[in-house]
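Below is one structure, written out as structure tokens, with a few remarks after it.
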Protein chains: 4
Amino acid sequence: MTEKTNRKNQIIEVASKLFFEQGYHVTGIKQIIEAADIAKGTFYCHFKSKEELGLEWLRRGSEKWIACRNAYLEQFGDEPARKLVALFDYQAKGAAACSYRGCAMLNMLAESPDLGCPMRQAIRGYKKDFLAFIRSLVDQHLPNASDADREQRAGAIYLLSEGATVAAQSFCKTGPIEIAKKQVEKILAE
Amino acid sequence: MTEKTNRKNQIIEVASKLFFEQGYHVTGIKQIIEAADIAKGTFYCHFKSKEELGLEWLRRGSEKWIACRNAYLEQFGDEPARKLVALFDYQAKGAAACSYRGCAMLNMLAESPDLGCPMRQAIRGYKKDFLAFIRSLVDQHLPNASDADREQRAGAIYLLSEGATVAAQSFCKTGPIEIAKKQVEKILAE
Amino acid sequence: MTEKTNRKNQIIEVASKLFFEQGYHVTGIKQIIEAADIAKGTFYCHFKSKEELGLEWLRRGSEKWIACRNAYLEQFGDEPARKLVALFDYQAKGAAACSYRGCAMLNMLAESPDLGCPMRQAIRGYKKDFLAFIRSLVDQHLPNASDADREQRAGAIYLLSEGATVAAQSFCKTGPIEIAKKQVEKILAE
Amino acid sequence: MTEKTNRKNQIIEVASKLFFEQGYHVTGIKQIIEAADIAKGTFYCHFKSKEELGLEWLRRGSEKWIACRNAYLEQFGDEPARKLVALFDYQAKGAAACSYRGCAMLNMLAESPDLGCPMRQAIRGYKKDFLAFIRSLVDQHLPNASDADREQRAGAIYLLSEGATVAAQSFCKTGPIEIAKKQVEKILAE
DNA sequence: AATGAATGAGCCTTCATTCAT
DNA sequence: CATGAATGAAGGCTCATTCAT
């Protein structure tokens, strides 16, 4: 809340926008500091490298995304099935923009081939959490189903979500998300 | 077939490997020419720009992928359902490598935010064709189903394939492809 | 007249246009061969280097300019004074174009600082001849004037011509040529 | 005055020398930074492009030339005619060097064919000012002459100056400047 | 904290020329 | 004669990072 955090936050916010809209490697430090209206050195007062900023982008971005998603899903109280379906409505809202850029994590995944690097660990962690979140809702919805059944359903819903994201990004349409949503309804109704 | 084409092919092959393994923007002309063991100028005798080479990579890569996939599916003769399922076996084969890099098109998608650029057009075209390919198999499998039904099933299978690709890439496991495969079997059995 | 000479002539003509309109150093071999629609190697069958072509441009260009100028002045028969004045009318005709590029020799002079190089020798030779041409007309017009007087008048006319050329090029107007012409009339009338 | 400005000044001075002596296009950034003994990146800390440096060269060069000329002419107090004649003495001083390169503006003019580019605007502005300077001296010298008469005389003197510059550059002699000077004396005496 | 000058390896691309066909 | 692939130095410029102030 102080000036201190504000400055760092401002850099992260500005950079997050650029990284997401343009890509990580294609976005240079110069562009970031100009957009944030700070000096070169100031940037390195707050981040020891571009990668550190990139990690912060991924971390905060996922936190924000999760928080907003959860806030959106709250309206569905304790109805896990409706929540799972609503997940795709939430996705569709974000994808409505004419130049939808998909999922920051998946985009960064394409740009960071090194398996062990911090970026990849962050991506894996985030995606693992997302799958676990879906799984927990499936578990709530079908408490009596077998473990394997629930894993299959949760996995399928997760894949449909990922597929819908990249398809919406590819075609710049929300159609794929509709398809995914309908399929999820079927999966939960079976 | 002559020496002439060989040199250009060699550049494309070397570059395709690097683009796919490392990413497009992170791969420099210098690295490409060193890997291909040619002079800087030689590169520009064959390609008018890096982008042209990138487009050639996408074009040839998709051609090759489609050809190999079709060759693999031939063994299933005129059984469209088995072909659709086998699609995921084929995918799993490619994903077995310890550092699976997913789909070149989707990776490039993440790196090219400009909607109208040639890269994006190539990606859209390729993905549209892939969806159409799945759709034609679904049509063959369920000739009596309604158009909307077939669209939904084909769409879902397509999304599962995309999702499985990025998930396998994220986690470096073929597990997601197995999940997708099982789900496709259900979709076709309904 | 044969095919042989035609090809070489074509290169010279195309290059002359480009050198004059754009400048010598800024015009690349690639642009020349593309404009002439020939292969890289073909160029070097006819010229051993870019410089040789440049020299040929200057040589032929001055020959052509002199020939056209003389043809234009012929109408003034044996009236040297009118010829000297008409020289500026001729100059004005060339300078009427909206993006007048002045004198190829003077432009090349600006681009070739090396005093002893062939280009500079060509320029010096051409300018010496031009001054001598003016001098001969002055001599015809004022056969009884002293040598020093005629040298002064011829020199001044020459300088006015050079000045008018670069001024017309600077301002993209023919006004300076009119000024020069009037001054020459005064110089000859004294 | 501080260290900061010194570095930038140093680059400008080094580059000005090279641009003037060799030509603009033929002088590379590499040569400039080597002569200035700085790193590539340092250059671009101070100038956003080669063109910006080129413009600075023209701007400072003309400022310096004008200042030195005015300082030289001061000795002639309020005698405009003597000042006009002395202009050519001043010119001759500069042209005495064995490899006289003439006027930076006219040389740059030869290298920049694009009418609207900043370089051309700078050149036009400078030349317009020079003509206006001559005109003001002519006006002082002949306050009772008609406007047209003064315009003609000033114009002729200007053209003689330009002509003398390029002729001295062409022949590497100051002779043409002497001729111009004598002619100017006549023009003012009439 | 904040600054911005300095670095030099690297970016993609063009240069004039050669040479085997 | 004509071709166009091959060369590698050079073109102008950007990169992420450091450091003295």
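Chain naming here is simple, since letters A, B, ... match the order of the sequence lines and numbering starts at 1 in each.
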Per atom distances to the K50(C) side chain, the nearest of dT17(E), dG10(E), dT3(E) is dT17(E)
N6(A) atom CG is separated from dA1(E) atom P, nearest whole Å, by 13 Å
Check whether E111(C) reaches the backbone of H25(C) with its side chain - one donor and one acceptor, N or O, closer than 3.5 Å. yes
Any strand is fair game: report the nucleotide pairing with dA10(F) by Watson-Crick or G-U wobble, both distances under 3.5 Å, or none. dT13(E)
Less than 4.0 Å between a side-chain N and a carboxylate O, is that true for E13(D) and K17(D)? no
Give G41(D) one of three labels, base, sugar-phosphate or nothing, depending on what nucleic acid heavy atoms sit under 4.0 Å from its own. base
Send over the distance from I33(B) CD1 to dG8(F) C1', rounded to a whole Å. 9 Å
Cation-pi geometry met for K30(D) and F43(D) (6.0 Å, 45°): no
What is the distance, to the nearest angstrom, from the CZ atom on F43(C) to the C1' atom on dT18(E)? 13 Å
With a 4.0 Å cut-off on N to O distance, would you call E63(B) and R60(B) a salt bridge? no
D37(D) atom CG is separated from dT7(E) atom C1', nearest whole Å, by 13 Å
Test: K50(A) cationic atom under 6.0 Å from Y44(A) six-membered ring centre, within 45° of axis: no
Expressed in angstrom and rounded to an integer, what is the separation of Q31(B) atom CD from dA9(E) atom P? 18 Å
How many whole angstroms separate atom CD of E34(A) from atom P of dT3(E)? 14 Å
Side-chain N,O (H46(B)) to OP1/OP2 (dA6(F)) below 4.0 Å: yes
Roughly, in whole Å, what's the span from CD1 in I32(B) to C1' in dT13(E)? 13 Å
Which listed nucleotide (dC12(E), dT17(F), dA6(E)) is nearest to the side chain of S49(A)? dT17(F)
Of C45(C) and K48(D), whose nearest nucleotide on DNA chain F comes first from the 5' end? C45(C)
Should K30(D) be listed as having a side-chain N or O under 4.0 Å from OP1 or OP2 of dA10(F)? yes
Look at the side-chain N and O atoms of R7(B) and state whether any lies under 4.0 Å from the OP1 or OP2 oxygen of dA6(F). yes
Please report the distance, rounded to the nearest Å, between CD1 in I29(D) and C1' in dA9(F). 17 Å
Tell me whether the side-chain N/O atoms of Y44(B) come closer than 4.0 Å to OP1 or OP2 in dT14(E). no
If the cut-off is 4.0 Å, is T42(A) near the phosphate of dT3(E), judged by side-chain N/O to OP1 or OP2? yes
So what's dA20(E) paired with, Watson-Crick or G-U wobble, going by both distances under 3.5 Å? dT3(F)
Can a donor-acceptor pair under 3.5 Å be found between the side-chain atoms of K40(A) and the base atoms of dT17(F)? yes
